[in-house]
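Heads up: the structure comes next, in structure tokens.
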Amino acid sequence: MKYLLSLYAFILLFSCTSQKVNSKYSAIEYEATPCFGFCPVFKMTISPDRTAVFEAEHFNFNDKPSKDEFSKPREGTFKGTIKEEDYNKLISLLDGLNVKGLNDKYGEHNITDLPTSYLRIKFADGTSKNVEDYGKRGSEKLSEVYKFFENLRKNQEWTKVK
């Protein structure tokens, strides 16, 4: 009986520990700014419960973009719930980055037509980390995170709210 009780306590303790891993981020935000081409312009914020807000400005939905889109109104604000598998993948990517150890800024501003990515992370312990990456080439792992966010625009279900 002692062994059964110990096993149950171990399982309970282990399950609590694994749940805390997924909640170490209280908010994850990614923002992509314009370039002189057809770079998607958007901001996405994801909460620990997987709810997300996607603020689409330009070049997010059109397969044949043109510069005329800048004269059109912004594409809108959307809400959705990130699929659990995708959320877990995002957490895994962020954990692999060692977010708190990242530089605050990457990229040289000596070329004027590159987009900038902003990765803003709020941690459950109250701290935060903001990364600005001009040209989106801070590191290979950062580029993988940016690509992941850009794919979330298209592989999730979004409901327009305004």
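Residue numbers count from 1 along this sequence.
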TODO: With Trp158 as reference, evaluate Phe54, Phe42, Phe78 under the ring-ring contact (aromatic ring centres under 6.0 Å, His included) test and give the passing residue.
DONE: Phe54

Open item on the list: Given 3.5 Å as the limit, does a donor-acceptor pair link the side chain of Arg50 with the main chain of Thr81, or not?
Closed with: no

Open item on the list: Between Glu108 and Arg137, does any side-chain N to carboxylate O distance fall below 4.0 Å?
Closed with: no

TODO: Group every Ile, Leu, Val, Met, Phe, Trp and Tyr by side-chain heavy-atom contacts under 4.5 Å, then state whether Ile28 and Val53 land in the same group.
DONE: no

TODO: Find out whether Ile121 and Val131 are in side-chain contact, i.e. whether some heavy atom of one side chain is under 4.5 Å from a heavy atom of the other.
DONE: no

TODO: Using the rule that two of Ile, Leu, Val, Met, Phe, Trp, Tyr join whenever any of their side-chain heavy atoms come within less than 4.5 Å, decide whether Leu102 and Ile46 are in one cluster.
DONE: yes

Task: Straight-line distance of Asn60 CG to Arg74 CZ, nearest 0.5 Å - done: 10.0 Å

Task: Cys39 SG to His58 NE2 distance, which is reported to the nearest 0.5 Å - done: 13.0 Å

TODO: For Lys83 and Gln156, indicate whether the former's side chain and the latter's backbone hold a donor-acceptor pair under 3.5 Å.
DONE: no

Open item on the list: If we ignore hydrogens and angles and just use 3.5 Å, is the side chain of Ser26 paired with the main-chain N or O of Lys122 as donor and acceptor?
Closed with: yes

Open item on the list: Looking at Lys105 and Asp133, is any side-chain nitrogen of the basic one under 4.0 Å from a carboxylate oxygen of the acidic one?
Closed with: no

Task: Carboxylate-amine/guanidinium proximity below 4.0 Å for Arg120 and Glu31 - done: yes

TODO: Compare all side-chain heavy atoms of Glu157 with those of Lys79 and state whether any distance is below 4.5 angstrom.
DONE: no

Task: Side-chain (Ser143) to main-chain (Ser139) donor-acceptor, under 3.5 angstrom - done: yes

Open item on the list: Quick one, Tyr106 with Tyr134, criterion ring pair (Phe, Tyr, Trp, His ring centres under 6.0 Å). Give me CA distance, side-chain angles, the key distance, then yes/no.
Closed with: CA-CA 6 Å; Tyr106 293 92; Tyr134 181 74; over 10 Å; no

Open item on the list: Walk me through whether Lys129 and Asp104 qualify under salt bridge (Lys or Arg N to Asp or Glu O under 4.0 Å).
Closed with: CA-CA 8 Å; Lys129 180 68 177 183; Asp104 293 335; 2.7 Å; yes

TODO: Indicate yes or no: at least one non-hydrogen side-chain atom of Leu119 is less than 4.5 angstrom from one of Asn130.
DONE: no

Task: Worked check of side chain to side chain contact (heavy atoms under 4.5 Å, CB included) between Leu152 and Met44 - done: CA-CA 9 Å; Leu152 286 177; Met44 190 179 295; 3.9 Å; yes

Open item on the list: Return the CD to CG distance between Glu144 and Leu93, rounded to the nearest 0.5 Å.
Closed with: 5.0 Å

Open item on the list: Side-chain heavy atoms nearer than 4.5 Å, only ILVMFWY residues, links allowed to pass through others: does that put Leu90 and Phe123 together?
Closed with: yes

Open item on the list: So that I can tick it off, tell me whether Asp95 and Lys24 are bridged by a salt bridge, with the cut-off set at under 4.0 angstrom between side-chain N and carboxylate O.
Closed with: yes

Task: Parallel, tilted or perpendicular: ring planes of Tyr30 versus Phe149, cut at 30 and 60 degrees - done: parallel

